[in-house]
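Here the structure is a predicted model, which means the values were calculated and not measured. These values consider heavy atoms only, across backbone and side chains, with no hydrogens, waters or symmetry-generated copies.
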Amino acid sequence: MTVLPQSVSPPPRTAQDRRPHALSTSARAPRPLLPVWLVTMPTVAGDGTCGRQWFAVRTRTAAQAMATATVRAGSPRAVLRRRGARIRVEHAHAALCDTAGSPWLSP
């Protein structure tokens, strides 16, 4: 004799299940986006040639933008992009960007 499984009822709903989903319209409004800073970091290669590498970062202040860009400059992708050239952090600077006319920096 074969026993067929009985239908399983869903578990009872809890208060957590009744919370609005993060993407639903009844959820609270999203936080405003942080400003975009363009950090320019000069580079120098082993043969003495100079260049620049730019990083667009979303932070509250220029100091945070510089710190974030310095971390990103150490990533393998950034090092490969500048072909191993050394970053001159002491000569880096940050500028606040206006993203209104720039589709690649807009949210």
Heavy atoms only: give me the nearest Val36-Ala56 pair and the separation to one decimal.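 Taking Val36 first and Ala56 second, the nearest heavy atoms are CG1-CB, 4.3 Å.
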How many angstroms lie between [atom1] in [X] and [atom2] in [Y], if you round to the nearest 0.5 Å?
{"X": "Thr43", "Y": "Arg81", "atom1": "OG1", "atom2": "CZ", "answer": "12.0 Å"}
{"X": "Thr61", "Y": "Leu96", "atom1": "OG1", "atom2": "CG", "answer": "11.0 Å"}
{"X": "Trp37", "Y": "Arg58", "atom1": "CH2", "atom2": "CZ", "answer": "13.0 Å"}
{"X": "Met41", "Y": "Thr70", "atom1": "CE", "atom2": "OG1", "answer": "3.5 Å"}

Show every donor-acceptor pair shorter than 3.5 Å between a side-chain atom in residues 87-94 and any protein atom, with sequence neighbours excluded, or say none if there are none.
residue : atom : partner : partner atom : Å
Arg88   : NH2  : His91   : NE2          : 3.0

Could you list the donor-acceptor pairs under 3.5 angstrom formed between side-chain atoms of residues 44-53 and any protein atom two or more places apart in sequence or on another chain?
residue : atom : partner : partner atom : Å
Asp47   : OD1  : Thr49   : N            : 3.1
Asp47   : OD1  : Thr49   : OG1          : 2.9
Gln53   : OE1  : Arg82   : NH1          : 2.9
Gln53   : NE2  : Ala78   : O            : 3.3

For Arg83, what residues pass the side-chain contact (heavy atoms from CB on, under 4.5 Å) criterion, not counting sequence neighbours?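 Per chain and number, Arg83 pairs via side-chain contact (heavy atoms from CB on, under 4.5 Å) with no residue.
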Are Leu38 and Trp54 close enough that some pair of their side-chain heavy atoms sits under 4.5 Å apart? yes
Please answer whether the main-chain N or O of Arg72 pairs with a side-chain N or O of Ser75 as donor and acceptor at a distance below 3.5 Å.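 It does hold such a pair.
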